[in-house]
Amino acid sequence: MGCRVIPELRHFCSGGVDGRERRELHDAASRESKERSSERPARREDTGRITMSAVWKQLPFHILLLLISCRHIYTKTTGPTSPPLDPISPLPTIERSYVLKGKNHTERVELLDPVNLVLTCTWAGGENKALNITGYWKKDENEVENSRVTVQLENRQYNLNRSFSIVGEKNLGNYSCVFGNEAEIKFVLAAPQIGEVRDKPIVSYVGDSVVITCKMEENKPKPKTWNWFKANGTGKEQIVTSEEHHKYGIKNEEGKAKLLIHNLTEDDSGSYYCGAVYAIGTTMGRVELKVITFYEPLKPFIAILVEVVILVAAILLYEKTQSKKDYTAAGNGASDQTNTQSPGENNGSEESSSMRQRKV
């Protein structure tokens, strides 16, 4: 043991003390050594406490690492990560306006794509122009919520406007601005309408083929595509062509659509609808098809022939009845003449008979 550890042994290490002092110093060193040995368990206990405290501090970190590792183990890969969506671009804004000088007017607005539509109504007013009136908007005859405002008279007229988001077919319809329940301007929002639709039904025969045509007007925008439907009693069923079934054929051109129906039967009769598809909605047109048999056109002729036969038979029967009556009347007349001869004629006949008897 060095002098650095036990300062009291410096003299003992240097050899400058006697035997008694050496014994005292040795005893002191022994006592100090015992005290140090008794302090060692306490120091070990403190060290253990410090170590446990460090472990508890690191425990949350280890738990976090365990959860992350478990997540990597049990997470299922559903596929490649989808690319980020492009930001939705704002709708374009268009304006439509009308100046009303009377009481009512209907303005038609054709739309192709979703838009923010700003409708502006101007009314010249009636005979007695109030300084302000109440104005509001209607959608399909239902008042638009929170649309009632006070309209001031400016430059001897009233102005009312409102913006509507037209994003789909459900937003199409009739939008009306109303001025004090005295005047109304109606805007009819719709996709371009099909112009050339057959009014009369198409007539064809069983077993034949038929072509049904729908066409947009030349001055109107062409649709993106066409769809065909057939009325099934409760609604419309879309017609789909396939390679297995050759019943239908669809041919779409730029502004025209054709539906071909092969091997017609009477069940093919009914209403067919062609739909011109635009981004804002679909415009429908209706065509009626009637499938008949070949003897169907003969029915009127057969009916006329039956009527003629019945008429001729009635005439012959009448003539025969009349001839019988005339013959009976003629026979009755001859017998009456014989029975009604005069007495002179009877006497003459009797004399002639007596004369013949005398000659004999």
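In this chain, numbering begins with 1 at the start of the sequence shown. Given the structure is predicted, the values throughout are model-derived calculations rather than measurements.
Looking at Lys200 and Glu288, no side-chain N of the basic residue comes within less than 4.0 Å of a carboxylate O on the acidic one, giving no salt bridge.
Residues Leu264 and Val291 share a closest heavy-atom pair of CB-CG1, 4.0 Å. Across all non-hydrogen atoms, the minimal contact from Ala183 to Leu100 is CB-CD2, 3.8 Å. Summarising the geometry of Arg108 relative to Ala190, their closest heavy-atom pair is NH2-CB, 3.8 Å, with the distance given to 0.1 Å. Heavy atoms only, all atoms of each residue included: Ile280 and Val167 are closest at CD1-C, 4.0 Å.
Across Lys290, Lys247, Lys230, a single residue satisfies side chain to side chain donor-acceptor pair (under 3.5 Å) together with Asp268, and that is Lys247. Tested against Ser176, the residues Glu184, Lys186, Lys138, Glu141 include a single side chain to side chain donor-acceptor pair (under 3.5 Å) partner, Glu184.
Rounding to the nearest 0.5 Å places CZ of Arg148 at 10.0 Å from OG1 of Thr150. Between atom CD of residue Glu107 and atom CG of residue Asn174 there is a gap of 13.0 Å, rounded to the nearest 0.5 Å. The distance from the CG atom of Leu117 to the CG atom of Leu91 is 11.5 Å, given to the nearest 0.5 Å. Considering CG of Leu259 and CH2 of Trp226, their distance stands at 12.5 Å, rounded to 0.5 Å. Rounded to the nearest 0.5 Å, atoms OG1 (Thr120) and CZ (Arg162) are 12.5 Å apart. In this structure, Leu153 CG and Asn155 CG are separated by 8.5 Å, a value rounded to the nearest 0.5 Å.
Between the side chain of Gln193 and the backbone N or O of Ala191 there is at least one donor-acceptor pair closer than 3.5 Å. Between the side chain of Lys129 and the main chain of Ala124, a donor-acceptor pair closer than 3.5 Å is present.
The number of heavy atoms from other shown groups lying within 6.0 Å of NZ (Lys222) is above 12. Other residues, nucleotides and ligands contribute at most 12 non-hydrogen atoms within 6.0 Å of the CD atom of Glu237.
Between the side chains of Thr122 and Gln157, no donor N or O sits under 3.5 Å from an acceptor N or O. In summary, the side chains of Ser163 and Asn116 do not present any donor paired with an acceptor at a separation below 3.5 Å, with no hydrogens or angles considered. Between the side chains of Asn181 and Tyr136, a donor-acceptor pair is found at a separation under 3.5 Å.
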Between Lys215 and Glu253, does a salt bridge (Lys or Arg N to Asp or Glu O under 4.0 Å) hold up when you go through it step by step?
-> CA-CA 9 Å; Lys215 183 179 180 181; Glu253 299 178 1; over 6 Å; no

Can you list the steps and then say if Cys177 with Trp123 is a side-chain contact (heavy atoms from CB on, under 4.5 Å)?
-> CA-CA 10 Å; Cys177 54; Trp123 183 42; over 6 Å; no

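Relative ring orientation between Tyr158 and Phe179 is described as tilted, the plane-to-plane angle lying within the 30° to 60° band.
Under the ring pair (Phe, Tyr, Trp, His ring centres under 6.0 Å) criterion, no residue pair touches residues 250-276, with sequence neighbours excluded.
Separation of the Trp228 and Tyr248 ring centroids does not fall under the 6.0 Å cut-off.
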